[in-house]
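Here's the structure, in structure tokens; my notes come after.
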Number of protein chains: 2
Amino acid sequence: MGIADRKERDKEELREKILVAAKSLFLEKGVEKTSIRNIADQIEYSPGIIYHYFRDKNEIFHALHQGGFSQMMEKMQVLRSVRNPMERLKAMGSIYVGFALENPDMYDLMFIKEAPIDHVYNSEHDNWKEGGGTFEYLRMTIKECAEQGHFKGHDLEPLTYLIWSAVHGMVSLNIRKRCEVVLPERQNTIIREGLEEFFKILDRL
Amino acid sequence: MGIADRKERDKEELREKILVAAKSLFLEKGVEKTSIRNIADQIEYSPGIIYHYFRDKNEIFHALHQGGFSQMMEKMQVLRSVRNPMERLKAMGSIYVGFALENPDMYDLMFIKEAPIDHVYNSEHDNWKEGGGTFEYLRMTIKECAEQGHFKGHDLEPLTYLIWSAVHGMVSLNIRKRCEVVLPERQNTIIREGLEEFFKILDRL
DNA sequence: TGCTTTATTAAACAGTGTTTAATTATTTTT
DNA sequence: AAAAATAATTAAACACTGTTTAATAAAGCA
């Protein structure tokens, strides 16, 4: 069975090559402006071959999309050592922002780019990787905060959404270049400073 | 000179027709998926004619982009009657969200879609229409709140950015369909509920 | 009327995603 | 080892895209 295995590996290898090439091109020129022919050129194969490994361009997008969530969850692992839920919540915000600033194009892919319409939620669909897991973790953390006496008088589900939105908003406005309206001398630091203000607010809730 | 005037009007008329067609198509199918030929078909002219009125597709995008800000500022006019700055701030949030939910595709155009790279900030560039005015107004309102004793211990510039981001975040996550992670029964109301939580927080600052 | 300018178009160019049929390479069977 | 079957890969085509060009039609003016 070694031969079949090796063939399987070879196939997997080319699939991986396509993904690596697609990722570098997507992040460099954007999804829309990267053509199948560009990817084929990079891996030195004909364009047609790509359709033997992915149904269409969207499927390539999705494969990378999933990879992004794995990558982010990886970074979140350090939160395990943070016992105090409010500290954990704030640390989560820092990690989230850090990930977004270090991988702006991947973040764009994950949270800003329009999700292709034909995104079918089949049985194999792993909600954890697709971001639901991260939100679930945020929800749990906020619930723990509430149990420790925070967020009195608040409805936790919309509050969770608001907290996520605040951080996402700062990051996405920056990524999509809507920050020119901010005072020029503060544009580079506005996200981290905004996060600081956010922490001050959270501490008082 | 009447003839020249009429010609001017006719020209303006076709320009307007192109914009109306482009807008309806952009909002219906998205900018990327609307072709010049689609627009030409809709106005029953040949594709080439469009390049006599707009340099390229981006210029059409920008014309609509600007129109969106005028539209939004229009809605903001009612704020003039709100004397209390904190009430005005909250009302601003409601109007902002209202505009976004009523015109999701226009909002997308204004705040989410990647701004074309070649967006040159020339002397005629009207910062007011381009959104800087709205942010300036938000900044002033928050400053007034501070003068009335709110936001003690906060740095107002990043706080302003944070407040904008919170509202933008909620709206943009919704528009780009990242809300499936929210409890299903609350997805439709999550933005307005999130805004309510936000107001509760603001009231205590 | 003929001449000039303007408005409009048809056609072409170089690019796109995707599908098809043909070709090459590899594995399996005889 | 030769032939048949299967898989991997490609070249070519199709129907699109944004944009530019040169040709045509229309309008205004002399």
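Note on naming: letters A, B, ... go to the chains in the order of the sequence lines (proteins, then strands), and numbering restarts at 1 for each one.
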Length of the [atom1]-[atom2] vector between [X] and [N], whole Å:
{"X": "B:Glu32", "N": "D:dC16", "atom1": "CD", "atom2": "P", "result": "19 Å"}
{"X": "B:Ile49", "N": "C:dA11", "atom1": "CD1", "atom2": "P", "result": "17 Å"}
{"X": "A:Arg15", "N": "D:dT9", "atom1": "CZ", "atom2": "P", "result": "15 Å"}
{"X": "A:His52", "N": "D:dA11", "atom1": "NE2", "atom2": "P", "result": "13 Å"}
{"X": "B:Ile39", "N": "D:dG18", "atom1": "CD1", "atom2": "P", "result": "8 Å"}
{"X": "A:Ile50", "N": "C:dG17", "atom1": "CD1", "atom2": "P", "result": "9 Å"}
{"X": "B:Lys33", "N": "C:dG17", "atom1": "NZ", "atom2": "P", "result": "13 Å"}
{"X": "A:Arg37", "N": "D:dT10", "atom1": "CZ", "atom2": "C1'", "result": "13 Å"}

Does B:Thr34 or A:Gly48 map to a spot on DNA chain D nearer the 5' end, using the closest nucleotide for each? A:Gly48

Of the options B:Tyr96, B:Phe69, B:Phe99, which is the one that meets B:Tyr107 in a ring pair (Phe, Tyr, Trp, His ring centres under 6.0 Å)?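 Checked B:Tyr96, B:Phe69, B:Phe99 against B:Tyr107; only one passes ring pair (Phe, Tyr, Trp, His ring centres under 6.0 Å): B:Tyr96.
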
For [N], does either OP1 or OP2 sit under 4.0 Å from a side-chain N or O belonging to [X]?
{"X": "B:Tyr53", "N": "C:dT6", "result": "no"}
{"X": "A:Asn38", "N": "C:dG15", "result": "no"}
{"X": "B:Ser46", "N": "C:dT8", "result": "no"}

A side-chain contact here means heavy atoms from C-beta on lying under 4.5 Å apart; do A:Val181 and B:Arg139 qualify?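 A:Val181 does not reach B:Arg139 side chain to side chain.
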
Between [options], which one does the side chain of [X] approach most closely?
{"X": "A:Tyr51", "options": "C:dG17, D:dT9, C:dT8", "value": "C:dG17"}
{"X": "B:Ile36", "options": "D:dT19, D:dT17, C:dT8", "value": "D:dT19"}
{"X": "A:Leu14", "options": "C:dT18, D:dT9, D:dG18", "value": "D:dT9"}

Shortest non-hydrogen separation from B:His168 to A:Ser172 and the atoms involved: NE2-OG, 3.4 Å

Could you spell out the base pairing of DNA chain C as a dot-bracket line? Use Watson-Crick and G-U wobble contacts where both distances are under 3.5 Å, [ ] for crossing pairs, | for partners on a different strand. .|||||||||||||||||||||||||||||

Go through B:Tyr53 and B:Ile60 one step at a time and tell me if the side chain to side chain contact (heavy atoms under 4.5 Å, CB included) criterion holds. CA-CA 9 Å; B:Tyr53 292 86; B:Ile60 303 176; over 6 Å; no

Is there a donor-acceptor pair closer than 3.5 Å between any side-chain N or O of B:Glu197 and the backbone N or O of A:Leu162?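 Absent.
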
Test item: side-chain donor near acceptor, A:Gln42 and A:Ser24, under 3.5 Å: yes

If the plane angle is over 60° it's perpendicular, under 30° parallel, otherwise tilted; pick one for B:His62 and B:His65.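 Judged by the thresholds at 30° and 60°, the geometry between B:His62 and B:His65 is perpendicular.
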
